[in-house]
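What follows is a single structure, written as structure tokens, with notes after it.
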Amino acid sequence: MAIPSLKNDRLLRALAKQPVDRTPIWIMRQAGRYLPEYRAIRKQVPDFMNLCRNSDLATEVTLQPISRFPLDAAILFSDILTIPDAMGLGVYFEAGEGPKLRKPIVKSAISSLQLPNIADELSYVFNTIKKINVELNQSIPLLGFSGSPWTLACYMIEGGSSKNFSKIKQMMFDAPEALHELLAILADAVTDYLQQQIAAGVHAVQIFDTWGSILDPINYNKFSLRYIENIVNNLKKSNPETPIILFTKHANSLLKFIVNLNLDAISLDWTCDLATARELIAGKIALQGNLDPCVLHASKSSIVAEATKILQVFNGDNGHIFNLGHGIHPEVSPDKVAVLVDTVHKVSAEIISKKKGSF
Ligand code: CP3
């Protein structure tokens with residue numbers, strides 16, 4: 001795999017399972033409410049989707065954590081719900097309540113659903129990517145992302161976050177063809193969206209399948225993994241050089257299916273046993289993760305201890321990207337993040353140089 005020339009290419013090297021001098025780290029939701037400078041911008045723009053749509057402010061927010069910490073990647077500031085929003089479902093956020101949709105999808109509406117015109121409706125995302133790369137000036141890679149079709153469908157049918165996903169599951173059991181029709185449209189939209197993010201300049205993409213694991217294994221394969229597989233195969237045809245990361249919350253028993261996909265990395269949460277995952281993957285796919293986000297509520301010495309444990313499991317082998325197992329919590333102090341980034345860099349550099357010396 002040809003690696004674009006960047007001043008810091010550790011993340012891309014780790015995705016290609018090539019040696020690095022220290023383990024790269026980025027943090028899910030690294031631009032977010034734990035940063036006072038992010039909260040200041042949110043005060044100016046109370047409507048979250050308007051912040052995503054404003055390329056200048058979205059660029060500024062993307063770069064906030066990069067100015068504070070020596071992170072090894074930036075991630076586009078946006079949201080997975082830009083696609084349902086582009087489809088006219090009216091995404092909005094109410095403080096403390098998570099996302100909501102004004103017009104959730106009902107079964108009878110699916111047959112007349114149109115593929116959104118991604119180039120027009122989401123041009124603000126592609127403008128933001130271009131602006132971020134100008135500011136980054138080839139220093140670190142920029143990640144793009146999308147939700148998986150299943151995870152997007154969860155929000156589109158439930159009308160927001162959900163406790164037990166009864167509406168989408170009811171449709172899955174009573175009207176599977178209608179749900180498949182929706183998922184097929186979403187898979188095409190996600191492929192188009194990620195291809196255009198890559199064309200605009202992202203160096204790698206992450207697919208968030210936050211809700212795949214609420215399914216039983218048979219339905220997981222039918223309703224979530226199959227559509228992710230289509231996206232991955234299409235992207236590998238159109239953009240063979242662009243690495244793809246898949247995040248599945250609580251992947252545990254689903255990992256044995258996920259490893260068959262043509263992925264570059266699998267992002268694991270903290271409930272996955274790393275040693276077992278490493279055995280299953282046998283060096284074929286890089287792994288990302290998997291510190292419990294709650295560790296960042298603990299003392300600095302606990303943060304050092306818990307991060308070190310993860311680095312020791314990898315023992316400096318190729319193909320590890322350090323991350324949290326899910327997004328950082330808004331209550332975390334930025335000082336703790338500084339400790340984590342510093343620990344990952346220092347401890348991994350020691351482990352890697354010791355290993356080299358022992359050959
Ligand atoms: O990681 C990053 O820093 C990039 C930006 C990013 C956001 N959302 C910004 C955001 C990314 C990659 C996402 C992905 C996303 N959005 C997912 C998949 C990952 C996951 O968390 O499982 C999901 C499910 C969503 C939908 C979504 N957007 C939810 C459930 C929420 C509410 C979260 C909460 O804690 O209230 C959002 C809003 C959101 N997206 C925020 C941020 C920084 C907070 C909104 C705010 O500023 O008030």
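Just so we're clear, the structure is a prediction, and the values are computed from it rather than from any experiment. We count ligands from 1, going down the list as the structure has it; atoms in each ligand are counted the same way.
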Consider every N or O of [X] and every N or O of ligand 1, then say whether any pair is closer than 3.5 Å.
| X | answer |
| --- | --- |
| Tyr38 | yes |
| Thr151 | no |
| Trp26 | no |

Next item on the list: Flag the pair Ile140 / Leu11 as yes when at least one side-chain heavy-atom distance between them is below 4.5 Å, and no otherwise.
Entry: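 No; the side chains remain at least 4.5 Å from each other.
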
Checklist line | pair Val295-Ser302: side-chain heavy atoms closer than 4.5 Å | finding: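 They are not in side-chain contact.
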
Notebook entry, point to check: Using the ring of each side chain (for Trp, its six-membered ring), is Tyr34 parallel, tilted or perpendicular to Phe69, with breaks at 30° and 60°?
Noted result: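 The rings of Tyr34 and Phe69 lie parallel, inter-plane angle below 30°.
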
Check: Once the angle between the rings of Trp211 and Phe165 is folded into 0 to 90°, is it parallel (under 30°), tilted (30 to 60°) or perpendicular (over 60°)?
Finding: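 Trp211 and Phe165: tilted rings.
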
Is it true that [X] and [Y] have a side-chain N and a carboxylate O under 4.0 angstrom from each other?
| X | Y | result |
| --- | --- | --- |
| Asp216 | Lys222 | no |
| Arg226 | Glu229 | no |
| Asp317 | Arg278 | yes |

Against heavy atoms of [X], which atoms of ligand 1 measure under 4.0 Å?
| X | value |
| --- | --- |
| Phe93 | 28 (N), 31 (C), 37 (C), 38 (C) |
| Phe208 | 12 (C), 18 (C), 19 (C) |
| Leu76 | 4 (C), 5 (C) |
| Ala31 | 3 (O), 43 (C) |
| Ser78 | 5 (C), 6 (C), 7 (C), 8 (N), 9 (C) |

Next item on the list: Please state whether Trp211 comes within less than 4.0 angstrom of ligand 1, counting heavy atoms only.
Entry: no

Check: When Phe208 is tested against each of Phe145, Trp150, Tyr155 for ring pair (Phe, Tyr, Trp, His ring centres under 6.0 Å), which residue passes?
Finding: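 Going through the options one by one, the only one that passes is Phe145.
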
Note to self: Please state which option from Tyr34, Tyr155, Phe48 has its nearest heavy atom closest to atom 39 (C) of ligand 1.
What the structure shows: Phe48

Item checked: Proximity winner for atom 25 (C) of ligand 1, if only heavy atoms of Asp269, Ile80, Leu51 are counted -> Ile80

Please set out all donor-acceptor pairs under 3.5 angstrom arising from side-chain atoms of residues 91-102, sequence neighbours excluded.
unit_1	atom_1	unit_2	atom_2	d
Glu97	OE1	Lys100	NZ	2.5

Shortest protein heavy-atom distance from [atom], along with the residue and atom involved:
| atom | result |
| --- | --- |
| atom 26 (C) of ligand 1 | Asp79 OD2, 3.5 Å |
| atom 15 (C) of ligand 1 | Arg29 NH2, 3.5 Å |
| atom 11 (C) of ligand 1 | Phe145 CZ, 3.7 Å |

Answer with side chain, backbone, both or neither: which part of [X] has a heavy atom less than 4.0 angstrom from an atom of ligand 1?
| X | value |
| --- | --- |
| Gln206 | neither |
| Lys249 | neither |
| Met28 | backbone |

Checklist line | Donor-acceptor pair between Ser224 and Asp209 side chains, under 3.5 angstrom | finding: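 Looking only at side-chain atoms, Asp209 and Ser224 do form a donor-acceptor pair, the distance falling under 3.5 Å.
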
Next item on the list: Taking atom types as modelled, find out whether Asp72 and His345 have a side-chain donor-acceptor pair closer than 3.5 angstrom.
Entry: yes

